[in-house]
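Take a look at the structure below.
Lettering of chains follows the sequences in order, A, B, ..., and the numbering in each one begins at 1. Because only heavy atoms are used, hydrogens play no part in the values below, and waters and symmetry mates are left out as well, while side chains stay in.
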2 protein chains.
Amino acid sequence: MKVKIKNKTKNIRTVWMEKNIIKMIDQRKLPFQLKFFNAKNYNDVAFVIKNMVVRGAPSIGATAVYGIAQAVMQKKNIKNAAKILRKTRPTAHDLFYAIDYMLNEIRSGNDAKTSAERYVEKLVNECKKIGIYGEKLIKNNYKILTHCNAGALATVDYGTALAPIRFAHYNKKKIFVFVDETRPRLQGMLTSWELLNEGIKHRVIADNAAGYFMRQKMIDMVIVGADRIAKNGDFANKIGTYEKAILAKENSIPFYVAAPVSTFDFGLKNGDEIRIEERKEDEVLCIKGKRVAPEKAKAFNPAFDITPKKNVTGYITERGIIRSGEIKKLKSV
Amino acid sequence: MKVKIKNKTKNIRTVWMEKNIIKMIDQRKLPFQLKFFNAKNYNDVAFVIKNMVVRGAPSIGATAVYGIAQAVMQKKNIKNAAKILRKTRPTAHDLFYAIDYMLNEIRSGNDAKTSAERYVEKLVNECKKIGIYGEKLIKNNYKILTHCNAGALATVDYGTALAPIRFAHYNKKKIFVFVDETRPRLQGMLTSWELLNEGIKHRVIADNAAGYFMRQKMIDMVIVGADRIAKNGDFANKIGTYEKAILAKENSIPFYVAAPVSTFDFGLKNGDEIRIEERKEDEVLCIKGKRVAPEKAKAFNPAFDITPKKNVTGYITERGIIRSGEIKKLKSV
């Protein structure tokens, strides 16, 4: 992704490995400071996932494969590393998929570092293809709503929801992005940061305002990412995604989910089987460390919600645009 | 409303007049500090309305009638006072209704202070009746969602949306309130503050989470306030209200609007004729004075949205529960 470092535009990734150190953009410091975090062992890796130094299902998966490769290189107990990494965050399918992939590669006698890099290259390539396929859905002068950050920060490079937007911009289409701020953690600010770096026109809006702009016919399409997609097409994504999907339906606006095929969990019949992470109340009661609620107030803080398949126009994957009825085909390849 | 001052529960109002000083709770300091603001002339009154020291359509109306009465008592130019007050905030009908009422009273030779107090007593009495009528809609063990603050702070006493909730609680019904935090200005924290003072069980949620809880069948009804209601039943209320209405419809949850009859604007055919206030970008880009968006990011910040009448189950007024087809009857009385 393009990043401005000291007035120079560089092309970097969200997470990568140098020797046996896992390096990553510290997303807790964005959008104000570009700082990097070095994860030196699997406890560090568990820390960065749990504390959202790295976030977004595919970036979490990439960090986990590097984490397992690092544990192998450091001759650590791999079973233990896998166990600790599995406990960090429960909703994203990629984390578990990534760990299983690495354990399988190791069992097959493959070099762990090479396997990890292959996983990450595959992911980056998938996002690129999501961009190329998804771009075709975006017409000139389109105004697109996105929720949370399904950008390069969430997927190592390109992004899922942001990949089609990036490619539309590279192909000189005139586009405009409405960016939901995405309370409680305000990941919309990360999306804004990525779009500023790319020079893509956009405005941040309160999550409450998306419906208003839809009703004003100012939004032509919605593209969001996904943390886990059940085999029927129901999917989990950042809290608030369901609200946007229902509002898009009400206003006859196409609603697309951009995700690599690895996000599909064929072991789950439908969305009801997806476990929703409940995060700390303080994410709602405080903002950037500052209390905004009355002293004795309490909160509920589900981090994700489930959007039923019937509200999805299509899934933008590295194999093209898929309708919910076609998901079973993905498994057979 | 009940307020805890130094561990004692007192019953106070949001705004009142002592001699020729208009006193009010400074809502900018809530929910952390209970401070009072003294408005000493009509410029102060314009300041408190514009800067949301006082907020909520009916409380703004009450402040305006006191403001005009004060100008009369201070022998100021009434036309000028009215002109300046009219320019403060454009969406709430009550402000204009209140000023017109006072000018008419003065023209009729009535004592301005007495007329102002009559206006406020009428308002408080209307909210009380909204509470008594609306309470009947709330069954034991109901979980109710509310958006923004349509509480005593917004209406001098009792509230509109919060009045039925207060009376259900007074009548010993077991209830639970989901409080939307209501970005960008977080008026949900004011609602939480009122509910804490009353001892009513509730939790604050991110605006993004309301749909999730509706889909989980954890919400039995929605009650919101209104800033202006067109004669067909379309209404303006805090940004995000439209989103909750559509989500309520999707999940077959009754959606009620609580407002005194003075909120109906019979001069407006429908919601498209209601002017929406666009507020400063910084309300979105900063939270409590702290920047949360990237340095160069921009925002859109509509303060209200329009919810079509078809999404409203009923209007809770001081004359009972009204359906949209019955609104015309209100005018004839």
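Side chain of A/Asn208 to backbone of B/Arg183: a donor-acceptor contact under 3.5 angstrom is found.
Contacts between A/Asn251 and chain B at a heavy-atom distance below 4.5 Å involve the side chain alone, from C-beta outward. For a residue to count as touching a neighbouring chain, one of its non-hydrogen atoms must lie under 4.5 Å from one of that chain's; by this rule A/Ile276 touches chain B with the side chain only. Only the side chain of A/Phe178 comes within less than 4.5 Å of a heavy atom of chain B; its backbone N, CA, C and O stay farther away. Both the backbone and the side chain of A/Lys288 come within less than 4.5 Å of a heavy atom of chain B. B/Phe213 touches chain A through its side chain: at least one heavy atom from C-beta onward sits under 4.5 Å away, while N, CA, C and O do not. For A/Glu281, the part lying under 4.5 angstrom from a heavy atom of chain B is the side chain only. Both the backbone and the side chain of A/Ile246 come within contact range of chain B, each with at least one heavy atom under 4.5 Å from a heavy atom of that chain. Only the side chain of A/Phe32 comes within contact range of chain B, with at least one heavy atom under 4.5 Å from a heavy atom of that chain. Heavy atoms closer than 4.5 Å to chain B are found nowhere in A/Asn301, neither backbone nor side chain.
Crowding of B/Arg28 atom CZ: a count of heavy atoms from other residues, nucleotides or ligands under 6.0 Å exceeding 12.
Counting heavy-atom pairs closer than 4.5 Å to chain B, the top residue among A/Val292, A/Leu195, A/Leu196 is A/Val292. The greatest number of non-hydrogen atom pairs below 4.5 Å with chain B, out of A/Ala297, A/Pro184, A/Ala293, is found for A/Ala293. When A/Ile239, A/Asp305, A/Ile205 are compared by the number of non-hydrogen pairs under 4.5 Å with chain B, A/Ile239 comes out ahead. Here B/Pro294 is the residue among B/Pro294, B/Ala206, B/Ala209 with the most heavy-atom pairs under 4.5 Å with chain A. If you tally non-hydrogen atom pairs under 4.5 Å between each of B/Glu295, B/Arg291, B/His202, B/Glu283 and chain A, the highest count goes to B/Arg291. Per-residue counts of heavy-atom pairs under 4.5 Å with chain B were compared for A/Gly188, A/Ala210, A/Pro302; the largest is that of A/Pro302.
In this structure, the ring of B/Tyr212 has its center no less than 6.0 angstrom from the ring center of A/Tyr242.
Rounding to the nearest 0.5 Å gives a distance of 11.5 Å between CD1 of B/Ile287 and SG of A/Cys286. Note: B/Lys249 NZ to A/Glu250 CD = 3.5 Å, rounded to the nearest 0.5 Å. Atom CG of A/Asp207 sits about 10.5 Å away from atom CG of B/Asp180, to the nearest 0.5 Å.
You'll find the side chain of B/Pro308 reaches within 4.5 Å of the side chain of A/Arg215, heavy atoms only. In this structure, the side chains of B/Lys244 and A/Glu243 come closer than 4.5 Å at one or more pairs of heavy atoms.
Closest approach of B/Ala299 to A/Arg203, counting heavy atoms only: O-NH1, 2.9 Å.
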